[in-house]
Amino acid sequence: MGVTLNDIAKKVGVSPSTVSRVINGSAPISDEMKKKIYKAMNELNYHPNSLARNLATGSSLTIGLVVDADNETAFANSFFNRSVYAIERVAQKNGYNLLITNDIGKKSSPVCDLVYGQRVDGLIIPSSGVKDSLLEVLEKENTPWVMLGEATGTGEDICWVDMDNCEGSKKAVRHLLERGYKKIVYVADDIQATFTKRRIAGYQSALKENGISVTEEQVMVCENDLEKLEKMIAVKIEKEETDAYICSNNILAYRVLQALKDKGKRVPEEIGIITFDNYPMAEYMTPPLTVIDVDTYRLGEMAAELLIRKIKEKGQINRENLIPTELIIRESTNRS
């Protein structure tokens with residue numbers, strides 16, 4: 001027969017209800033008493049029945065993270081992993097478990113099942129996963145949630161967390177101009193992504209602020225077609241239309257760097273390169289790349305902190321949170 005609350009209470013010399021209050025956190029108990037009860041639980045190898053506890057407290061002590069399971073690249077992305085790691089750490093620190101689930105965008109989706117079944121106390125949802133059908137369920141069930149990514153065009157008061165992508169691009173442009181580069185091109189793959197739009201907006205704004213005209217040709221969109229990217233770079237080199245590139249990520253930066261080397265261009269003497277994201281390989285390229293670093297750990301950490309606060313306070317803590325980026329200067333822009 002397993003260890004019971006009565007066994008713990010008898011060992012410590014308190015009532016079973018006191019032990020129950022410590023386990024459930026339902027009433028203030030002195031730290032000294034908590035230590036005694038936890039010590040007894042450990043010595044007797046007692047493990048609370050989570051199902052019974054959840055029924056008693058009305059809480060699952062679980063938060064959910066919605067992902068797109070069909071997107072293999074997302075799971076292989078180091079930035080995704082860092083955000084998840086941060087969410088998990090915050091959850092554990094606050095006594096919550098993290099459950100990662102997929103949403104297929106239907107009312108019978110796994111996410112909706114979790115909400116209806118009260119198996120999660122709240123959700124963290126990427127901006128790409130915020131759908132009207134899911135929002136209807138969350139509102140109906142009064143389930144707290146936080147969006148990972150900037151809210152745009154919704155017209156609603158939503159709690160979200162994102163990097164300050166616009167200001168990040170401005171930092172990149174200012175740095176390149178300070179180093180003597182004048183013909184700056186932005187390279188993107190996913191033009192529909194909100195963060196890409198924000199980065200391009202910041203890039204164009206910084207150029208205008210410095211009296212540099214902005215044209216459509218200054219934004220190169222390769223849509224993950226690397227051959228297309230190499231051809232566009234070759235045209236730019238032939239027409240002498242650029243002396244610096246701002247890349248949306250490490251993969252694009254690597255391809256740009258290789259294309260420039262293939263054409264005999266020297267980096268940074270002739271052409272400079274700066275990329276968003278320091279991981280996984282920016283600092284290991286030849287030359288090491290200057291980066292606009294995005295703190296994806298802090299992104300996940302803040303999202304989890306906000307969600308747990310919304311759960312505990314049972315209020316509408318709706319905020320717009322932009323996390324600053326950091327310029328890390330390396331050889332790829334060391335022209336002077």
Side-chain angles (χ1 to χ4, degrees), residues 67-68 71-87 126-128 148-150 160-176 179 181 184-203 206 219-224 226 229 233 244-260 267-268 271-303 321-334:
V67 299
D68 181 3
N71 185 353
E72 294 183 11
T73 59
F75 287 89
N77 191 312
S78 62
F79 311 109
F80 170 82
N81 293 335
R82 283 174 59 79
S83 293
V84 174
Y85 175 54
I87 294 170
S127 55
S128 60
L148 206 58
E150 183 176 351
W160 57 264
V161 182
D162 202 356
M163 306 305 304
D164 195 342
N165 290 293
C166 184
E167 184 58 32
S169 279
K170 289 182 178 181
K171 288 180 182 179
V173 171
R174 292 169 188 149
H175 171 69
L176 289 169
R179 292 298 172 96
Y181 300 102
I184 304 170
V185 169
Y186 189 93
V187 185
D189 48 9
D190 184 2
I191 196 66
Q192 299 302 321
T194 298
F195 72 86
T196 300
K197 294 177 180 178
R198 288 287 176 264
R199 291 175 181 179
I200 292 175
Y203 155 77
V219 177
M220 291 170 46
V221 182
C222 66
E223 299 171 335
N224 290 316
L226 300 179
L229 174 61
I233 292 174
Y245 291 91
I246 300 175
C247 303
S248 277
N249 56 60
N250 280 202
I251 300 300
L252 289 178
Y254 174 77
R255 293 298 179 180
V256 169
L257 181 60
Q258 292 304 115
L260 292 175
V267 178
I271 297 180
I273 299 178
I274 187 168
T275 182
F276 273 86
D277 306 332
N278 193 35
Y279 297 98
M281 56 187 182
E283 61 185 312
Y284 303 111
M285 294 188 200
T286 306
L289 300 185
T290 294
V291 301
I292 299 297
D293 192 25
V294 293
D295 190 350
T296 49
Y297 182 91
R298 181 56 184 151
L299 186 70
E301 182 180 53
M302 183 178 289
N321 303 274
L322 285 174
I323 299 172
T325 57
E326 179 186 1
L327 172 66
I328 301 176
I329 302 173
R330 298 196 181 101
E331 293 178 28
S332 68
T333 57
N334 190 21

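The analysis underlying the following values was restricted to heavy atoms, covering all of them including side chains, and did not include hydrogens, waters or symmetry mates.
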As an exercise, state the distance from CD1 of Ile191 to CE of Met220, rounded to the nearest 0.5 Å.
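If we round to the nearest 0.5 Å, Ile191:CD1 and Met220:CE are 12.0 Å apart.
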Taking side chain to side chain contact (heavy atoms under 4.5 Å, CB included) as the test, write out the residues that go with Ser127, two or more places apart.
Met147
Could you grab the distance from atom OG1 of Thr275 to atom CG of Asn250, nearest 0.5 Å is fine?
5.0 Å
Are the side chain of Asp277 and the backbone of Tyr279 linked by a donor-acceptor contact shorter than 3.5 Å?
no
State, with a plain yes or no, whether a side-chain heavy atom of Pro126 is found less than 4.5 Å away from one of Val67.
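With C-beta onward as the side chain, the pair stays apart.
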Side chain to side chain contact (heavy atoms under 4.5 Å, CB included) with Lys171: which residues, sequence neighbours excluded?
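In terms of side chain to side chain contact (heavy atoms under 4.5 Å, CB included), with neighbours along the sequence ignored, Lys171 is linked to Glu167, Ile292, Thr325.
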Test side-chain contact (heavy atoms from CB on, under 4.5 Å) on Ile233 and Val185 and set out the steps.
CA-CA 10 Å; Ile233 292 174; Val185 169; over 6 Å; no
Once rounded to the nearest 0.5 Å, what's the spacing between atom CG of Asn334 and atom CD1 of Ile329?
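With rounding to 0.5 Å, CG (Asn334) is 9.0 Å from CD1 (Ile329).
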CG on Leu252 to CG on Leu229, rounded to 0.5 Å
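The distance works out to 6.5 Å.
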Kindly give the heavy-atom pair with the smallest separation between Val221 and Asp189, and that separation in Å.
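Minimum heavy-atom separation between Val221 and Asp189: CG1-O, 3.9 Å.
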Side-chain heavy-atom pair Asp164, Arg198 within 4.5 angstrom cut-off
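A side-chain contact is absent here, since even the closest heavy-atom pair is not under 4.5 Å.
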By salt bridge (charged side-chain N to carboxylate O under 4.0 Å, His left out), which residues pair with Arg298, not counting sequence neighbours?
Glu301, Glu305
Paired with Ile273, the side chain to side chain contact (heavy atoms under 4.5 Å, CB included) test is passed by just one of Val291, Leu176, Leu289, namely Leu289
Just so I know, are the side chains of Val219 and Tyr203 near enough to count as touching, which here means a heavy-atom distance under 4.5 Å?
yes
Inter-residue atom distance Asp295.CG - Ser83.OG, 0.5 Å rounding:
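These two atoms lie 8.5 Å from each other.
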Under the side chain to side chain contact (heavy atoms under 4.5 Å, CB included) rule, collect the residues that match up with Leu148, sequence neighbours excluded.
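Scan of Leu148 (side chain to side chain contact (heavy atoms under 4.5 Å, CB included), adjacent residues dropped) gives Ile124, Leu299, Ala303.
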So do the side chains of Trp160 and Leu322 get within less than 4.5 Å of each other, counting heavy atoms only?
yes
Results of side chain to side chain donor-acceptor pair (under 3.5 Å) for Asp162 - residues two or more places apart only
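Not a single residue meets the side chain to side chain donor-acceptor pair (under 3.5 Å) criterion with Asp162.
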For residues Ala201 and Cys166, report the shortest heavy-atom separation together with the two atoms involved.
C-SG, 4.4 Å
For Asn321, enumerate each residue passing the side chain to side chain donor-acceptor pair (under 3.5 Å) test, keeping only those at least two apart in sequence or located in another chain.
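Partners of Asn321 under the side chain to side chain donor-acceptor pair (under 3.5 Å) test: none.
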Reported OH-to-CG distance for the pair Tyr245 and Leu260, which is rounded to 0.5 angstrom
5.5 Å
Heavy-atom pair of closest approach, residues Ser169 and Gly202
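Closest pair (atom of Ser169, atom of Gly202, distance): CB-C, 3.8 Å.
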Within the distance-only criterion (no hydrogens, no angle test), does the side chain of Thr296 pair as donor or acceptor with the backbone N or O of Arg82 below 3.5 angstrom?
no
Partners of Thr290 by side chain to side chain donor-acceptor pair (under 3.5 Å), sequence neighbours excluded?
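Residues passing side chain to side chain donor-acceptor pair (under 3.5 Å) with Thr290: Thr333.
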Identify the residue among Ile271, Leu257, Val267 that makes a side chain to side chain contact (heavy atoms under 4.5 Å, CB included) with Ser332.
Val267
Mind checking what makes side chain to side chain contact (heavy atoms under 4.5 Å, CB included) contact with Pro288, not counting sequence neighbours?
Arg330, Glu331
How about Tyr254 and Met285: do any of their side-chain heavy atoms sit closer than 4.5 Å?
yes
With sequence neighbours excluded, residues passing side chain to side chain donor-acceptor pair (under 3.5 Å) with Ser248:
Tyr186
